[in-house]
Enquirer: 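Sharing a structure below in structure tokens format, with a few things to ask.
Atom set for the values below is all heavy atoms of this structure, side chains included, hydrogens, waters and symmetry mates excluded. Lettering of chains follows the sequences in order, A, B, ..., and the numbering in each one begins at 1.
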2 protein chains.
Amino acid sequence: MSKPAKSDLSSTAEDYVKAIWSAREWGGEPTSITALAERFGTTRATVSETIKRLTARGLVTHEPYKEIALTPTGELEALLMVRRHRLLETFLVTTLGYGWDEVHDEAESLEHAASTRMIDRIDDVLGHPDHDPHGDPIPSRDGVIRHPASAVSLAEAAPGDYCIVRISDSDSDRLVYFDEQGLLPRSPINVQSQDDRAGTTTVVTAHGNLVALAGDATRAIMLVPTPH
Amino acid sequence: MSKPAKSDLSSTAEDYVKAIWSAREWGGEPTSITALAERFGTTRATVSETIKRLTARGLVTHEPYKEIALTPTGELEALLMVRRHRLLETFLVTTLGYGWDEVHDEAESLEHAASTRMIDRIDDVLGHPDHDPHGDPIPSRDGVIRHPASAVSLAEAAPGDYCIVRISDSDSDRLVYFDEQGLLPRSPINVQSQDDRAGTTTVVTAHGNLVALAGDATRAIMLVPTPH
DNA sequence: CTCAAGAGTTAGCATCGGCTAACATTTGAG
DNA sequence: CTCAAATGTTAGCCGATGCTAACTCTTGAG
């Protein structure tokens with residue numbers, strides 16, 4: 001039944017390479033066994049075994065107690081999964097009227113089932129979009145992604161910075177809050193003040209709203225310098 | 001990861017109840033272990049075990065060597081899967097430009113992954129269609145399907161019958177052939193002659209084409225009497 | 001009516017993904 | 001520098017799904 005939609009990886013393998021890749025996307029540290037266990041709601045033992053299997057399949061390199069990294073094959077698979085995920089999110093928003101805070105879980109399921117043909121048709125129908133609804137760049141069909149070199153977390157921004165927003169798609173509640181504040185992906189904001197001790201940043205949105213952010217919220221927002 | 005999109009059935013269970021239901025849709029005999037094994041490209045042993053598990057889960061009734069039938073629960077699950085499948089097929093054709101001969105396999109994958117929310121949104125976007133691209137009726141969200149009572153296989157049609165076509169979606173090559181002949185789902189045809197010995201039926205299509213059909217092809221087409 | 005072919009089942013095995021419990025290694029607080 | 005906490009691994013178990021081989025039951029050709 002249901003032929004392998006694309007690669008011959010199990011959906012577990014697909015999820016793992018994507019998670020390993022994603023950890024580093026915005027300048028983050030490599031993942032750990034523990035972090036993956038939390039991410040997938042499973043135990044360290046299970047993750048350790050799964051990583052061993054992925055290593056045997058040539059997707060991952062991992063020496064006990066050392067860094068978990070992707071092989072070139074693993075990285076390509078990860079980028080193709082990221083492509084599927086982001087194109088599906090964009091499609092759900094533009095075609096089925098999903099809110100940008102609702103698409104993540106749906107795309108997470110569909111990315112394992114949709115064929116490459118379907119992903120490419122979606123890409124065509126959408127007119128080859130550069131970004132998904134959260135402002136994240138979409139890799140090409142051969143796994144090339146174009147990341148703004150100097151993107152920086154809002155936590156590290158300086159007052160006066162004038163940038164474009166990119167927002168992590170994984171926390172739906174936070175997305176709803178940002179939405180209410182007029183903090184939308186790819187919309188310009190202006191950094192007003194930065195309080196390192198309190199970990200608080202104040203920004204002015206395109207709508208002129210003054211929004212104060214703290215903690216995780218400042219790390220969920222990436223600032224991409226505007227060309228002008 | 002990726003939460004259970006809808007029911008708590010495994011995709012194997014979903015495939016089996018759908019296959020068991022489908023065998024009887026157009027007046028066919030109940031399936032057999034062997035037929036299911038062929039359908040799913042697996043062994044009789046595996047099917048026998050799977051059916052035992054489905055029986056234990058209350059989806060199927062089966063005494064060794066007897067008929068395989070669905071319980072009411074199993075039948076509802078089957079109808080909901082058929083609904084997902086047919087709505088997805090319709091969506092792929094109208095929104096992503098798939099040909100009606102290309103949609104079957106894609107829908108077969110997606111029907112396990114799409115959430116109920118997504119299926120219902122598709123239903124809305126399509127304006128609650130009655131039929132999929134092959135002319136098959138689409139069950140409602142509570143599992144009610146409206147089948148023409150007197151539908152009959154082309155093999156049993158009488159000359160002079162004037163009917164609407166419904167074509168099995170599972171054989172892509174045959175669909176391409178039908179397409180070339182102007183034999184399209186829900187288009188009217190007129191039965192010209194019927195040769196029982198040769199198993200051949202000749203029909204006139206809406207375009208005026210004279211098409212001769214034999215063997216499986218005559219069984220793949222169901223004739224639905226036109227009201228007028 | 002018989003019996004071999006075909007259909008279905010059972011036994012025994014493998015893999016995957018998951019678990020707990022126990023053990024090993026690394027690291028950072030004091 | 002030490003040692004306890006945190007992190008990672010291994011061993012041994014389980015259930016789901018799949019296989020092959022061998023068995024049993026049913027049925028139809030002769």
Side-chain angles (χ1 to χ4, degrees), chain A residues 1-5 7-20 23 28-70 74 77 81 108-109 112-113, chain B residues 1-5 7-20 23 28-70 74 77 81 108-109 112-113:
Chain A
M1 59 237 64
S2 23
K3 37 233 55 176
S7 72
D8 48 355
L9 298 189
S10 69
S11 81
T12 304
E14 291 175 342
D15 284 335
Y16 271 67
V17 293
K18 187 156 73 86
I20 294 165
E29 289 300 295
T31 2
S32 63
I33 300 282
T34 303
L36 289 172
E38 274 161 18
R39 163 81 183 268
F40 292 130
T42 183
T43 61
R44 278 184 231 117
T46 300
V47 173
S48 187
E49 287 160 359
T50 303
I51 291 291
K52 219 193 299 179
R53 267 192 295 266
L54 297 184
T55 302
R57 283 194 239 172
L59 297 165
V60 161
T61 56
H62 181 232
E63 301 282 297
Y65 302 100
K66 301 288 175 54
E67 171 175 338
I68 300 167
L70 294 171
E77 288 295 342
M81 290 312 293
E108 198 85 348
S109 284
H112 304 297
Chain B
M1 53 241 64
S2 29
K3 37 233 55 171
S7 73
D8 48 357
L9 297 189
S10 70
S11 81
T12 304
E14 291 175 342
D15 284 333
Y16 272 68
V17 294
K18 186 154 75 83
I20 294 165
E29 290 299 297
T31 3
S32 63
I33 300 282
T34 302
L36 289 171
E38 274 161 17
R39 164 78 184 269
F40 293 129
T42 182
T43 61
R44 280 184 230 118
T46 301
V47 173
S48 186
E49 286 159 359
T50 304
I51 291 292
K52 217 191 302 178
R53 268 192 295 266
L54 297 184
T55 301
R57 282 193 240 173
L59 297 165
V60 162
T61 56
H62 181 234
E63 301 281 295
Y65 301 99
K66 301 286 176 54
E67 171 176 334
I68 301 167
L70 294 171
E77 288 295 343
M81 290 312 292
E108 197 86 346
S109 284
H112 304 297

Enquirer: For residues A/T61 and A/T55, determine if any side-chain heavy atom of one lies less than 4.5 Å from a side-chain heavy atom of the other.
Expert: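 Result no, sub-4.5 Å side-chain heavy-atom pair not found.
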Enquirer: To the nearest Å, how far apart are B/H112 NE2 and D/dT17 P?
Expert: 13 Å
Enquirer: Do B/T50 and B/L36 come within less than 4.5 Å of each other through their side chains, counting heavy atoms only?
Expert: no
Enquirer: Of the options B/V60, B/L70, B/V47, B/I68, which is the one that meets B/Y16 in a side-chain contact (heavy atoms from CB on, under 4.5 Å)?
Expert: B/V47
Enquirer: Could I get the full list of side chain to side chain donor-acceptor pair (under 3.5 Å) partners for A/T43, not counting sequence neighbours?
Expert: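 Checked A/T43 against side chain to side chain donor-acceptor pair (under 3.5 Å); matches are A/T46.
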Enquirer: Kindly state which residues belonging to residues 58-66 of chain A come within less than 4.0 angstrom of DNA chain D, counting heavy atoms of the residue only, listed by number.
Expert: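 Only A/H62, A/P64, A/Y65 qualify.
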Enquirer: Under 4.0 Å, heavy atoms only, any strand: does A/T50 hit a base, just the sugar-phosphate, or nothing?
Expert: nothing
Enquirer: List in numerical order all residues of residues 41-49 of chain A for which some heavy atom is under 4.0 Å away from an atom belonging to DNA chain D.
Expert: A/R44, A/A45, A/S48, A/E49
Enquirer: Rounded to the nearest angstrom, tell me the gap between atom CD1 in B/I33 and atom C1' in D/dT24.
Expert: 15 Å
Enquirer: In this structure, how many angstroms lie between the C1' atom of C/dG17 and the CG atom of A/L9, rounded?
Expert: 16 Å
Enquirer: Taking CD1 from A/I51 and P from C/dG18, how many angstroms apart are they, rounded to a whole number?
Expert: 12 Å
Enquirer: What pairs with A/A23 under side-chain contact (heavy atoms from CB on, under 4.5 Å), at least two apart in sequence or on another chain?
Expert: A/T31
Enquirer: May I ask you to test the B/L9-B/L59 pair for a side-chain heavy-atom distance under 4.5 Å?
Expert: yes
Enquirer: Please confirm whether the shortest side-chain N or O distance from B/S10 to OP1 or OP2 of D/dT17 is below 4.0 Å.
Expert: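 Affirmative; the distance criterion is met.
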Enquirer: Listed by chain and number, what are the salt bridge (charged side-chain N to carboxylate O under 4.0 Å, His left out) partners of B/E67, not counting sequence neighbours?
Expert: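 Applying salt bridge (charged side-chain N to carboxylate O under 4.0 Å, His left out) to B/E67 gives B/R24.
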Enquirer: Which angle, rounded to 10°, do you find between the first-five-pair axis and the last-five-pair axis of the helix from C/dC1-D/dG30 to C/dG30-D/dC1?
Expert: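 About 0° separates the two local helix axes.
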Enquirer: At their closest point, which heavy atom of B/S32 faces which heavy atom of B/A35, and how far apart are they?
Expert: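 Looking at all heavy atoms of both residues, the shortest contact is OG-N, 3.0 Å.
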Enquirer: Let me know the distance between NZ of A/K52 and P of C/dC16, rounded to the nearest Å.
Expert: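 In whole Å, C/dC16 P and A/K52 NZ are 13 Å from each other.
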Enquirer: Rounded to the Å, how far apart are A/L36 CG and C/dG17 C1'?
Expert: 15 Å
Enquirer: Expressed in angstrom and rounded to an integer, what is the separation of B/R53 atom CZ from D/dG15 atom C1'?
Expert: 9 Å
Enquirer: May I ask you to test the A/R57-A/S10 pair for a side-chain heavy-atom distance under 4.5 Å?
Expert: yes
Enquirer: Measure CG/B/L54 against C1'/D/dA16 and give the value in whole Å, please.
Expert: 12 Å
Enquirer: Quick one, B/H62 and B/I33 - any side-chain contact, counting heavy atoms below 4.5 Å?
Expert: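 B/H62 vs B/I33: side chains touch.
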Enquirer: Between A/D15 and A/R39, is any pair of side-chain heavy atoms under 4.5 Å apart?
Expert: no
